[in-house]
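To keep things clear, I will list the structure first and then write my remarks on it.
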Amino acid sequence: MPELPEVETVRDGLARHVTGRTVTGVEVLRDYSVRRHEGGPDSFRGQLVGQRVGAAVRRGKYLWLLLEDTSGTQDGTPGDVPDGAAPAGGHVTALMAHLGMSGQLLVRSGSAAVEKVPHLRVRLELSGLAGEDDAPRTLDFVDQRTFGHLSVTDLAPTPDGAPGGWGSPLAEIPEPAAHIARDLLDPALRRDDLARAVRRRRTGIKRALLDQRLVSGVGNIYADEALWRAGLHYARPTDTLRLAEAHRVLDAAEEVMREALAQGGTSFDELYVNVNGQSGYFSRSLAVYGREGEECTRCGALVRRDEFMNRSSYTCPVCQKVPRSARW
């Protein structure tokens, strides 16, 4: 599943290539891909056509496009909108996307927009930009394994009054994502409060990192990499952590995700790409994840793999010793 760096790479591409455009048509090729939308495919189309994209926003692994109804304006386009702001003068909703295991949002233009696309589930037709020599584009939702989904949803105020996510100053968040915690790259995150909340949990540290209600955006890959950097085993009980250790693992998780983001995320196959169809390269920099039987780059011990929550955990048996009071 794409994690925070991969989703942020997609969000950044959407912000550069989609914002300011109006949805002129919607094609739903697989109803299951809009299963979370109340009202089904017909309602999904009806709530999108005529909407203008004002900003691309992300919290953790959740991604959404702010929308404004342009039907009441004279030319179908509102006035200038500051970068990242919600459009002014209309009811703002959101097109929310969850990429699941293999979901991709691909922007196409020209001849590429009419090519046959494998595993295409939903296609949005987008207008050109007013006053610019810019051809219409399509936004394709491609999903091989069909765990991802799209929906149009209302927004709810954020409890703390801070922006709902990265990419917009609007203090609102899609209602289905209201339970998702802030992520480690969010400037509104209160790091000391999070470190204390981690220590109050009675669970293993990796389970805490994967709990999107506690801190969002961290998945299996970056949890393993962060724990290796912090020198902590994934089964270390959170309530035995010193405050400095809690900060150390959170800092390591932020560090590894920022490094991955700089390289466009982590790609192991063709399933993760950015909006232009390009893969990320951070997989070449992984220290432990997916490296079972290879030497630890820090001490030379052989990396081991353990089963964990129906997936895998990768650790160095020397750098990350199993604690006596492990919580698996």
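Everything numeric in this text was worked out from a predicted model, so none of it was measured. Side chains are part of it too, since the values below use all heavy atoms of this structure and drop only hydrogens, waters and symmetry mates.
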Between the side chain of Q212 and the main-chain N/O of V218, is any donor-acceptor distance below 3.5 Å?
-> yes
Expected output: side-chain S109 to main-chain R137 donor-acceptor under 3.5 Å = no
Using modelled atom types only, decide if a donor and an acceptor are shared between the side chain of E225 and the backbone of V256 within a distance under 3.5 Å.
-> no
Answer yes or no: is there a donor N or O on one side and an acceptor on the other, between the side chain of R182 and the main chain of L184, under 3.5 Å?
-> no
Would you tell me whether D143 and H149 have side-chain atoms, one donor and one acceptor, within less than 3.5 Å of each other?
-> no
Between R11 and W166, is any pair of side-chain heavy atoms under 4.5 Å apart?
-> yes
Q51 (side chain) donor-acceptor with D69 (main chain) under 3.5 angstrom | yes
Rounded to the nearest 0.5 Å, how far does CG of L29 lie from CZ of R123?
-> 8.0 Å
Euclidean distance, T19 OG1 relative to L65 CG, rounded to 0.5 Å = 9.0 Å
Keeping the roles fixed (side chain from R59, backbone from I180), state whether a donor-acceptor pair exists under 3.5 Å.
-> yes
So, do D183 and R58 sit near enough that their side-chain heavy atoms are less than 4.5 Å apart?
-> yes
How about R324: does its CZ atom have over 12 heavy atoms from other parts shown lying under 6.0 Å from it?
-> no
NZ-OG1 distance between K206 and T315, expressed to the nearest 0.5 angstrom = 9.0 Å
Rounded distance (nearest 0.5 Å) linking atom CG of L126 with atom CZ of R21 = 7.0 Å
Any luck finding a side-chain donor-acceptor pair between H37 and S43 under 3.5 Å?
-> yes
Roughly how far apart are L95 CG and Q47 CD, rounded to 0.5 Å?
-> 10.5 Å
Strictly under 6.0 Å, is that where the ring centroids of W328 and Y234 end up?
-> yes
Can you tell me how far CG of D154 sits from OG1 of T93, rounded to the nearest 0.5 angstrom?
-> 7.0 Å
Going by an N to O cut-off under 4.0 Å, is there a salt bridge joining R16 and D12?
-> yes
Any sub-3.5 Å donor-acceptor pair from E68's side-chain atoms to V53's backbone N or O?
-> no
Do the side-chain N and O atoms of T238 and R199 include a donor-acceptor pair separated by under 3.5 angstrom?
-> no
D140 and R108 ion-paired at < 4.0 Å = yes
When you measure from the side chain of S127 to the backbone N and O of T22, does any donor-acceptor pair fall under 3.5 Å?
-> yes
Under 4.5 Å between any side-chain heavy atoms of H247 and D192, yes or no?
-> yes
